[in-house]
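In what follows, a single structure is set out as structure tokens and then discussed.
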Amino acid sequence: MKEAEIRRLLATNLLSVFTIILTAVVPSFFWDGFTVLGTHLTWLCICSVCVSTLNIILHLVLKPNQSHKRSSFAHKISRFLKCCIYFFMSCILFHAIIVLYGAPLIESVTETFLFAVLLSTFTTLQCLCMLGPNIQAWIRVFSKNGAMSIWESSLQITTICSILGAWFGAFPIPLDWDRPWQVWPISCSLGATFGYMAGLIIAPLWIHWNRKQLTYKSR
Amino acid sequence: MVSNWTKIPPPLFKKVVIVLIDALRDDFVFGSKGKQFMPYTTQLVEKGTSYSFIAEAKPPTVTMPRIKALMTGSIPGFIDVIVNLNSPALLDDNLIWQAKTAGKRIIFYGDDTWVKLFPQHFMEYDGTTSFFVSDFTEVDDNVTRHLDRALKREDWDLLILHYLGLDHIGHMTGPNSPLVGPKLHEMDNILKKIHISLLSKEEASLPNLLVVCGDHGMSETGSHGGSSEGEVYTPLLFISSAFEKRSGPLTQPELVQQTDIASTLAVGLGLPISRNNVGNLILPVLGGKTMREQLRFVHLNGFQLSRLLQENTPAYEKDPGYEHFKTAEKSHGNWIRLYLEGNNSEILLNLGKKVLKQYLEALKTLSSSLSKQVAQYDMYSMMVGTVIIIEVLLLLLISVPKALSSQAEFEVPLSPPLFSLLFYLMCLMLCAVHVIVCTSAESLCYFCSMSWLTAVGVMMLISALMCGILSAIAKVSENSTLPLKNPVVFSSSWSEIDVVILAGTIGHVLSLGASSFIEEEHQTWYFLINTLCLMLCQELCRNNFLLKECDPQHSTTVKQTFDSIGEASEYKNIDIPAAGIGHSELGKTTSSAEFMKGSDKWISLASPWIILICCRLLRSLNQTGIQWAHRPDFGHWLTSSEHKSELSFLAAVSLFMIFFLVQRRCSLVSKIAMALGLLGVYSYRAAIGNVVFPWQHDSKDISKGITEARFVYVFVLGIVFTGTKDLLKSQVISADSSLKSTGLCEVYSGLVLLAALLFRPHNLPVLVFCLLIQTMMTKYIWRPLKFDAAQITIMHYWFGQAFFYFQGNSNGIATVDVSAGFVGLESYVEIPAIFLTAFATYAGPLLWAIHLLCYLSSEVSRNSAAVGHGCFCYVLMRSIPVAIYIVLITGLRYHLFIWSVFSPKLLYEGVHVFITAAICLFFTAMDQNHSHKVQNRK
Ligand SMILES: [Zn+2]
Ligand SMILES: [Zn+2]
């Protein structure tokens with residue numbers, strides 16, 4: 001049972017990684033002059049949209065937390081709206097944090113906001129898919145030893161990896177190398193993306209390695 | 001034949017006047033400001049008989065090294081910045097000395113640095129002290145009043161004028177201040193007067209020369225010392241009737257080196273080029289001469305350069321510059337032969353041009369390879385120093401577990417090794433090495449030139465430390481073999497905060513290896529404290545919402561034991577606050593938040609965010625560093641003269657806020673003293689014209705504000721004195737810890753008042769936010785989270801570092817605010833000026849350190865060893881970066897940026913270490929008192 005689930009996790013995660021790679025490669029066939037660095041904002045949009053679509057589809061197909069009871073259509077709609085509001089709020093929150101970290105307040109607002117959207121896609125959207133708009137559950141998952149399934153462990157790992165990636169991505173900005181990728185927010189968004197992909201790959205491996213110690217209690 | 005060539009040719013100019021305008025930036029003459037305010041000079045540049053250049057000054061762009069560069073043509077080292085404060089006589093071969101030996105009569109008026117550098121060289125002089133930076137007019141009038149008389153006289157050959165007013169205006173108000181224009185106009189009139197007088201004196205024999213230059217420029221903030229564009233580019237004008245009239249469209253002036261001036265002037269005056277000169281001749285100035293003479297000049301220059309190269313490099317023959325020079329010399333010989341044969345055709349001229357070109361190329365290569373290797377390092381002394389520092393660091397690191405234990409004991413096991421055989425063996429060996437190195441080394445070595453007794457003392461220190469380290473290691477390994485599981489518990493109890501602290505410290509130390517990370521070090525600290533605040537926020541959330549879960553023993557293992565306990569409490573706590581971001585449900589939270597009640601909890605949750613916002617605001621107050629230093633910031637906006645009323649309002653509000661934040665901890669008398677002192681601060685700033693009172697709209701004449709500043713000093717001393725009295729009382733008479741903490745707080749508020757006086761008015765918000773953040777952290781973050789003393793110390797240290805940069809400091813010399821050293825002083829007095837400048841520069845770290853002491857000594861009831869732990873951690877936090885930085889720059893000593901980036905940073909680190917040592921002495925004094933008390937109680 002557990003082995004099979006880990007394998008399923010691995011498959012979905014690899015699919016996500018593959019999608020991100022595709023977003024960097026495919027658009028250049030349709031659109032001349034597209035590069036991840038050159039037309040970075042476009043890539044940010046494409047990547048966010050693709051990753052979120054994929055996540056939502058995967059969530060609908062796989063339903064990793066099947067325990068939910070069937071609910072009415074109105075309930076579903078309100079749940080969906082709530083999710084949208086939460087997602088938007090998380091974008092704003094990330095934007096605020098990035099500005100507090102020193103990003104310019106007025107100039108390059110678009111860049112900062114799109115980066116915030118990307119970060120939200122990698123973190124908040126996953127949480128919304130997995131846990132729904134339920135902050136209690138979020139706090140539980142992100143407190144020590146709060147994960148209750150391998151899906152939640154994977155969520156923990158990918159979220160932390162994306163944020164760490166973005167954090168490390170800020171390091172090269174002060175260097176005076178004058179490389180194209182040092183322009184705000186390219187290094188950070190690339191860092192977040194690589195962090196996310198690393199998290200996706202690490203998560204199943206880590207769970208596989210530690211499967212003896214991980215004893216999730218059922219609800 | 002060669003020796004005949006090196007004979008000095010006759011002078012080209014009769015009288016030479018050098019007008020050095022301190023801090024004259026290139027755009028003040030060639031830019032729009034020059035066109036507007038210096039019409040005569042502009043006309044000379046565009047249409048007159050002149051040559052104009054942009055001279056590039058090498059950092060450090062400080063007056064004394066620049067004067068040395070101008071007069072010797074060499075590149076003085078970085079140590080000259082420190083010596084700048086009291087300059088000894090210049091011993092190297094230089095232009096002034098050569099001129100004096102050649103019997104030229106020199107008159108000098110201006111900055112008295114010259115008089116100190118060249119004592120007894122001038123026939124007549126009048127020095128002006130350059131240290132009183134708030135004086136704009138008197139320094140220049142002091143020079144100009146001699147001018148008319150000097151110009152009428154005939155008994156001089158070289159007249160040097162050094163005008164300081166522009167530099168002072170820059171330091172006080174910046175390059176865009178309205179005072180700059182009139183000053184430039186004044187300078188223009190002086191140049192006009194000199195030029196007309198020189199023209200009227202000219203006879204048939206030889207023309208006169210007027211040289212106008214700056215020693216360095218000024219940065220966008222108005223100071224200098226660093227290597228930004230504004231600081232290194234200065235204008236250079238040669239004006240003489242010997243030159244051809246300028247015609248045609250004006251082109252951008254050519255770029256030359258500042259060191260080129262010395263050799264050009266030497267040739268112009270018919271003097272030998274000084275020995276250590278690395279500059280090239282500026283050929284256009286000598287261009288009016290015949291080809292033969294021109295070739296002779298460049299040959300002289302090349303000969304001097306290649307001789308200097310021979311003296312400095314053993315393998316000089318392989319140097320490309322030397323090879324070029326030799327070939328040029330050969331073709332020069334051929335040319336001379338042709339010339340002497342009477343061949344006088346076009347071909348000869350063309351051939352001459354070719355030779356000249358060869359020479360110029362050789363000169364360029366020679367001087368570039370010379371400037372690369374002026375730096376000679378005294379490796380042996382450097383190694384000795386590094387070894388001592390590394391040993392101390394190792395000793396500190398080894399004793400970490402013991403020093404942070406509950407007894408907080410830190411002892412160096414010195415007595416047993418002192419009598420061991422190893423110690424004596426090492427001493428002997430090191431002495432032998434010392435003798436061998438010092439007898440074999442040819443170059444001058446500082447450590448070898450010390451007396452034998454000191455050297456032996458240093459050797460003994462090194463070996464004693466080494467033995468101490470060895471015995472400490474032995475002790476530690478002995479202890480650790482017994483309880484094996486100890487390290488496991490240690491690592492498992494690490495919280496996220498510990499990880500951030502460790503990663504931040506390591507990351508910062510590693511970043512010191514890259515020059516751009518040093519230039520932008522403020523970014524590192526801002527980034528770290530932001531991360532720290534977010535971690536604190538997370539910690540607070542966990543503490544508030546998952547109160548009972550944080551039991552380190554249980555959380556390490558994911559076992560069923562945890563579930564039964566954790567589960568129940570966890571859910572109880574989550575449910576209540578999470579649903580609504582609490583308004584109506586505050587009443588219910590009391591059950592879960594037993595450590596704090598009601599609104600306090602929400603303030604505590606919000607405080608990291610408030611701190612983050614404060615830091616963001618401070619960051620945009622002063623834009624420092626190199627890459628983004630030109631960006632507009634709030635500080636510039638405030639200091640520009642149009643926004644005086646806004647600045648006044650901000651300063652008044654800030655002073656009021658400072659009073660509000662500080663007064664809570666003081667006694668009534670100190671409160672009144674504080675209020676009066678802060679009023680004094682405002683009136684001081686109003687007196688020197690930085691801010692205005694609302695009732696006075698016309699600009700009053702600016703004074704030095706000495707009375708007002710001294711009025712404030714009286715209160716500072718009063719408050720500090722009261723505090724010290726309390727401290728002494730608590731130490732000697734009664735063992736009352738509350739008396740001690742009030743005493744500490746009073747000393748702290750006295751220092752805050754001093755900082756308020758010394759900070760520029762636009763920096764007062766830094767002080768306000770500093771106090772605000774400290775209050776919030778103490779009340780809402782550290783008390784509830786119950787961090788241990790080590791963590792709190794490190795966080796204080798980080799914030800102190802960040803505030804160092806929030807104040808507008810950077811790792812370049814240019815940002816040191818020299819004007820702080822003159823607050824309330826009539827003239828330059830060395831010791832108070834140094835003390836005040838150091839205090840103003842390091843106010844951020846200092847205030848945070850004293851606040852740490854206040855906080856820790858109030859925590860003594862909870863943890864008796866808190867102060868000891870804090871002191872140890874503070875020392876450790878300071879010594880790790882310093883020790884590693886010293887090793888790093890020893891490795892990077894041939895780096896391109898060693899003088900412009902790494903050395904200033906080393907200087908800053910050095911001063912910071914001194915200040916830390918003083919702080920730690922204060923810490924130990926406070927702690928000694930405590931341990932004394934404990935012993936008494938026993
Ligand atoms: Zn100067
Ligand atoms: Zn100056």
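Owing to the predicted nature of the structure, the values given are computational and were not obtained by experimental measurement. Proteins get letters first, then strands, A, B, ... in listed order; numbering begins at 1 in each.
With a 4.5 Å cut-off on non-hydrogen atoms, F527(B) touches chain A through its backbone and its side chain both. Proximity to chain A (any heavy atom under 4.5 Å) is shown, for I613(B), by both the backbone and the side chain. Heavy atoms of I97(A) lying under 4.5 Å from chain B belong exclusively to its side chain. Using a 4.5 Å cut-off between heavy atoms, W138(A) makes no contact with chain B at all. Interface remark: S511(B) contributes no atoms to any contact with chain A (heavy atom separation under 4.5 Å).
When ring centroids are compared, Y526(B) and F806(B) come within the 6.0 Å threshold. In this structure, the ring of H40(A) has its center less than 6.0 angstrom from the ring center of W43(A).
Of the listed residues R619(B), E520(B), Q523(B), the one with more heavy-atom pairs under 4.5 angstrom with chain A than any other is R619(B). The choice from G102(A), A170(A), P104(A) that makes the most heavy-atom pairs within less than 4.5 Å of chain B is G102(A).
Side chains of N622(B) and Q807(B): a donor-acceptor N/O pair is absent below 3.5 angstrom, by distance only. Judged by distance alone, the side chains of T815(B) and S810(B) do bring a donor and an acceptor atom under 3.5 Å apart.
Atom CG of residue L612(B) and atom OH of residue Y101(A) lie 8.0 Å apart, to the nearest 0.5 angstrom.
Remark: E521(B) pairs with K905(B) by the salt bridge (charged side-chain N to carboxylate O under 4.0 Å, His left out) rule, at least two apart or across chains.
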